[in-house]
Amino acid sequence: MSTWTDLADEAARWVEAGRTADLWWRDDDAADVGPALERLLTIHRDTGAPLALAVVPATATSALAARLAGEPGVDLLQHGYAHVNHAAPDDNKKIELGTERPAMFVLGELGTGRLALERLFGARPLAVLVPPWNRIAPALVPTLPEIGFSGLSTFGVRRRVHPVRGLLEVNTHVDLVDWKGGRGFVGEAAALAALVSTLAGARDSGEPVGVLSHHLAMDGGAWDFLRSIWQKVPKMPGLSVRTAHELFAPGGKDRG
Ligand SMILES: [Zn+2]
């Protein structure tokens, strides 16, 4: 469990080392307009924190496209295809991009999804795949660059910067929703503990540290924390909130 002071202390360690930690913000499951999306965009606008929105291609609406046309600073990522669970009935881990269906079929859906996003948003979506439930069968990953993806974003400390040639992985590490414990906010102390420990690890790895929100699934505590973190972090020397397009840029600082 950690406090805001612990976060400031960790930031100070980055300053002492003459370095700056990269943080970023990903929000998942966007498909339509609504009060939750407005609440999210208000925090983005009020705090100035860069926002990367993972959009579900199969259900994304033209109303969402029209609304986001007015928010040019938001980066768009592809959130699988339809966010449908295809796990075997005896498997309680939900997965869309698994091995239950033929790989050609799953990859074909992802290609269809890319086209759907292009139809709605033009060239704006980044070529970054966010697998629903942060899960993708390892066997599918080597094919992602062949179907046009240059970035992958899941949850947890990445094993490799590039899982395969031509594919950069930039993950999230701090999930605000307690999915197994009633779907409420994980709590400030737990969220800060995850953030501080991931930042400490990143002092060695250089990995960007991602905060993950879900605008359709957050309670008041999670919303309050989201606003607090993006108000406080940009004021902490040693921490820098980056855009997804910077972090996923080809030949960017994560090359290696
Ligand atoms: Zn999702």
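Counting starts at 1 for both ligands and their atoms, following the listed order. For the single chain, residues carry numbers from 1 onward in sequence order. Note that the structure is a prediction, hence the values are computed from the model and not measured.
- At distances below 3.5 Å, not a single donor-acceptor pair connects side-chain atoms of Arg26 with backbone N or O atoms of Leu51.
- Less than 6.0 angstrom separates the ring centroid of His214 from the ring centroid of Trp179.
- Aromatic ring orientation, Trp4 versus Phe225: parallel (interplanar angle below 30°, classes split at 30° and 60°).
- Considering just the N/O/S atoms of Asp29, the one nearest the Zn ion (ligand 1) carries the name OD1.
- The Zn ion (ligand 1) lies at 2.8 Å or more from every N, O or S atom belonging to His214.
- When distances from the Zn ion (ligand 1) to the N, O or S atoms of His83 are compared, NE2 comes out shortest.
- Note: His215 and Trp223 fail the aromatic proximity criterion, with ring centroids not under 6.0 Å apart.
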